[in-house]
Amino acid sequence: MKLSPGNVLPASVAGLLLANAAFATNPLIMDQFTADPTARVFEGKVYVYPSHDIKAPPGYKGKPNWFVMEDYHVFSSENLTDWKDHGVILKQTEVAWADPGAYAMWAPDSVYKDGKYYFYFPAIAKAGGFRIGVAIADQPYGPFKPQATPIEGVKGIDPSVLIDKDGSAYLYYSLDKIFVAKLKPNMREIEGEPAVFDYLPKKGLQEGPFVFERNGIYYLTYPHVANKTERLEYATATSPMGPFKHAGVILDEAESGCWTVHHSILDYRGQWYLFYHDKDLSPSFDKNRAIRADKLFFNADGTIEKVVPTLRGVGRVNAGSEIQIDRYSATSGDGIAVAFVDEANPHAGWKTTLSAAKSWVRFNEVDFGAGAQQSIEVRAKAPGRSALEIRLDKEDGPVIGRMEIGQGSDWNIASAAVKGVPAGVHDLFVTQGGGEAIEVDWVRFR
């Protein structure tokens with residue numbers, strides 16, 4: 001993966017880059033840090049509204065080694081492979097009531113109602129404390145105009161809004177506990193006083209609520225520190241106001257040790273997905289996160305199957321793109337290692353080292369279209385002469401291509417003819433074909 005380092009690309013440049021690059025793998029966004037993704041379906045596309053982690057700017061006076069967030073982007077995709085960055089949609093300096101130096105633009109949400117898009121976001125008020133604001137737009141990507149004041153009677157973070165089947169809207173948010181309030185039809189005020197869900201597990205922080213409805217069941221999903229770091233749990237009810245009964249765990253604590261795991265869940269074209277984050281691009285500092293997505297499934301009784309995080313992600317990859325085999329769906333185990341291409345620039349992505357004879361990496365759901373590709377290219381390097389073999393669908397299937405990798409310390413693009421490439425979607429197997437260890441950045445078909 002090769003995007004320039006840095007926190008943000010200009011919106012015009014980012015849009016062009018992301019419109020032509022495949023990010024069907026985890027993390028979804030490579031050129032900047034993203035977290036707390038709320039995914040929504042608008043106008044036939046998936047729009048993801050994450051928070052935006054940045055490095056502390058010069059003169060920053062906030063808490064050291066903490067979350068630093070000054071604005072929001074929105075990303076969209078129709079195929080869950082090609083993600084377009086629509087650029088910054090709201091900055092802390094544009095919110096009249098917010099402290100412009102707080103850098104606390106945490107987890108947001110966006111919903112559509114009566115011809116308008118409503119963007120809900122937390123920020124620290126000039127008067128102190130976290131409040132929740134609303135910005136309104138005519139398009140899902142903005143421009144969003146923030147309201148002059150935050151929502152009266154609401155103090156907290158991580159807003160999430162459910163629009164029920166009858167058109168009623170409910171605001172969920174957190175402040176060590178999880179709260180709910182019904183929104184007035186104007187979507188900017190609440191009716192009555194907020195209620196607290198005080199019957200959830202008592203031990204450990206609860207935050208980041210996300211509520212959805214499926215087959216008459218309302219699912220309250222939320223991060224919970226049951227042990228040392230957050231995991232995703234859920235509770236169910238027959239009403240958007242509850243009472244909710246704890247039902248289980250959706251996602252276990254991250255193996256990486258990332259302390260937070262904010263999320264959202266949606267149905268897109270008949271498949272349910274979990275959007276969440278981890279610290280893929282910042283292994284040593286979990287306040288710089290990266291958003292991910294994996295498929296989510298329900299049991300017949302409506303309970304949620306536990307999601308197993310993957311590197312592969314959810315989108316289908318075109319055979320003609322740079323296929324990042326380091327985001328594999330399976331490996332042979334022994335002889336496979338993954339590391340950053342450039343330790344000084346994690347945004348450049350990863351490389352795969354195949355060191356043992358016949359060690360392999362499987363990358364699923366590669367779309368070969370009409371088939372009959374003529375060649376394969378590999379960006380690779382090896383300390384001595386070595387070889388790669390390419391197979392489809394089976395690790396011991398017929399070799400459709402083999403390439404020799406010359407000795408050298410620099411990255412080079414090697415190519416070889418392939419034959420008998422079938423049409424359609426297939427799993428790709430890249431196998432060490434003998435000789436020295438090989439480092440592979442990407443492969444692609446022509």
Side-chain angles (χ1 to χ4, degrees), residues 1-3 21-28 30 80-82 280-281 290 292-294 309-343 346-369 373 375-383 386-405 411-416 418 421 425-446:
M1 296 180 179
K2 294 175 184 58
L3 283 178
F23 295 104
T25 55
N26 285 328
L28 298 179
M30 286 295 297
L80 302 182
T81 295
D82 306 300
D280 300 79
L281 298 175
R292 291 167 149 242
D294 277 299
T310 73
L311 298 175
R312 176 59 185 85
V314 297
R316 186 171 289 175
V317 172
N318 188 288
S321 67
E322 295 177 0
I323 303 168
Q324 309 292 335
I325 66 167
D326 48 78
R327 307 292 88 187
Y328 54 77
S329 50
T331 75
S332 57
D334 294 339
I336 300 296
V338 172
F340 285 120
V341 170
D342 179 358
E343 290 290 341
H347 297 279
W350 296 267
K351 61 184 179 181
T352 305
T353 301
L354 299 91
S355 59
K358 301 301 180 181
S359 56
W360 54 264
V361 168
R362 173 189 176 194
F363 189 101
N364 66 5
E365 293 194 71
V366 178
D367 190 351
F368 288 86
Q373 281 78 8
S375 66
I376 185 168
E377 296 178 339
V378 177
R379 186 174 190 260
K381 63 179 178 178
S386 193
L388 285 177
E389 294 177 346
I390 309 301
R391 295 175 169 85
L392 297 183
D393 297 322
K394 296 180 180 180
E395 63 179 275
D396 57 352
V399 175
I400 65 168
R402 178 183 170 90
M403 64 186 64
E404 303 295 325
I405 307 297
W411 290 102
N412 289 292
I413 297 178
S415 63
V418 293
V421 178
V425 178
H426 300 274
D427 290 359
L428 173 69
F429 284 83
V430 179
T431 305
Q432 209 270 14
E436 301 292 328
I438 312 170
E439 295 180 17
V440 179
D441 186 5
W442 49 257
V443 302
R444 69 183 172 201
F445 291 81
R446 296 295 194 184

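Both backbone and side-chain heavy atoms feed into the values below; hydrogens, waters and symmetry mates do not.
- Below 30°, between 30° and 60°, or above 60°: for Phe368 and Phe445 the angle between ring planes is above 60°, a perpendicular geometry.
- Across all their heavy atoms, Lys394 and Phe429 have their closest contact at N-CE1, 3.5 Å.
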Please walk me through it: do Thr353 and Glu439 pass side-chain contact (heavy atoms from CB on, under 4.5 Å)?
-> CA-CA 4 Å; Thr353 301; Glu439 295 180 17; 3.5 Å; yes
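- Within the 3.5 Å criterion, the main-chain N or O of Asn26 finds a donor-acceptor partner in the side chain of Arg327.
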Output, in order, the C-alpha distance, side-chain angles, deciding distance and verdict of side-chain contact (heavy atoms from CB on, under 4.5 Å) for Trp442 and Ile413.
-> CA-CA 9 Å; Trp442 49 257; Ile413 297 178; 4.0 Å; yes
CA sep, side-chain torsions, deciding dist, call: Arg362, Tyr328, side-chain contact (heavy atoms from CB on, under 4.5 Å) = CA-CA 6 Å; Arg362 173 189 176 194; Tyr328 54 77; 6.0 Å; no
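- Residues Glu377 and Ser415 come closest through the heavy atom pair CG-CB, 4.0 Å.
- A donor-acceptor distance shorter than 3.5 angstrom exists from the side chain of Thr331 to the backbone of Gly333, with no hydrogens or angles considered.
- If you take CG on Leu28 and CG on Asp280, they are separated by 10.0 Å, rounding to the nearest 0.5 Å.
- Between Thr352 atom OG1 and Asp326 atom CG the span is 4.5 Å, to the nearest 0.5 Å.
- The distance from atom CZ of Arg444 to atom CD of Gln324, rounded to the nearest 0.5 Å, is 10.5 Å.
- In this structure, Lys358 does not pair ionically with Glu395, as no charged nitrogen and carboxylate oxygen lie closer than 4.0 Å.
- Rounded to the nearest 0.5 Å, atoms CG (Asp367) and NE2 (His426) are 9.0 Å apart.
- The shortest non-hydrogen separation linking Glu404 to Ala387 is OE1-CB, 3.9 Å.
- Inter-residue side-chain proximity for Arg391 and Trp360 is flagged as unmet; no heavy-atom pair is nearer than 4.5 Å.
- Lys381 contributes atom NZ, which lies 5.0 Å from atom NZ of Lys351 (distance to the nearest 0.5 angstrom).
- Residues Leu392 and Leu428 meet the side-chain proximity criterion, which asks for heavy atoms closer than 4.5 Å.
- A heavy-atom distance below 4.5 Å is found between the side chains of Leu354 and Ile336.
- Atom CD of Glu389 sits about 4.5 Å away from atom CZ of Arg402, to the nearest 0.5 Å.
- Taking both residues in full, the closest heavy atoms of Ser359 and Ser332 are given as CA-OG, 3.4 Å, listed atom of the first, atom of the second, then distance.
- Looking at heavy atoms from C-beta onward, Arg312 lies in side-chain contact with Val317 at the 4.5 angstrom threshold.
- Between Val421 and Val418, the shortest heavy-atom contact is CG2-CG2, 3.8 Å.
- When every heavy atom of Leu281 is checked against every heavy atom of Pro346, the shortest pair comes out as O-CB, 3.3 Å.
- Between the side chain of Gln432 and the backbone N or O of Gly434, at least one donor-acceptor pair lies under 3.5 Å.
- With contacts defined as side-chain heavy-atom distances shorter than 4.5 Å, the pair Ser329/Asp427 does not qualify.
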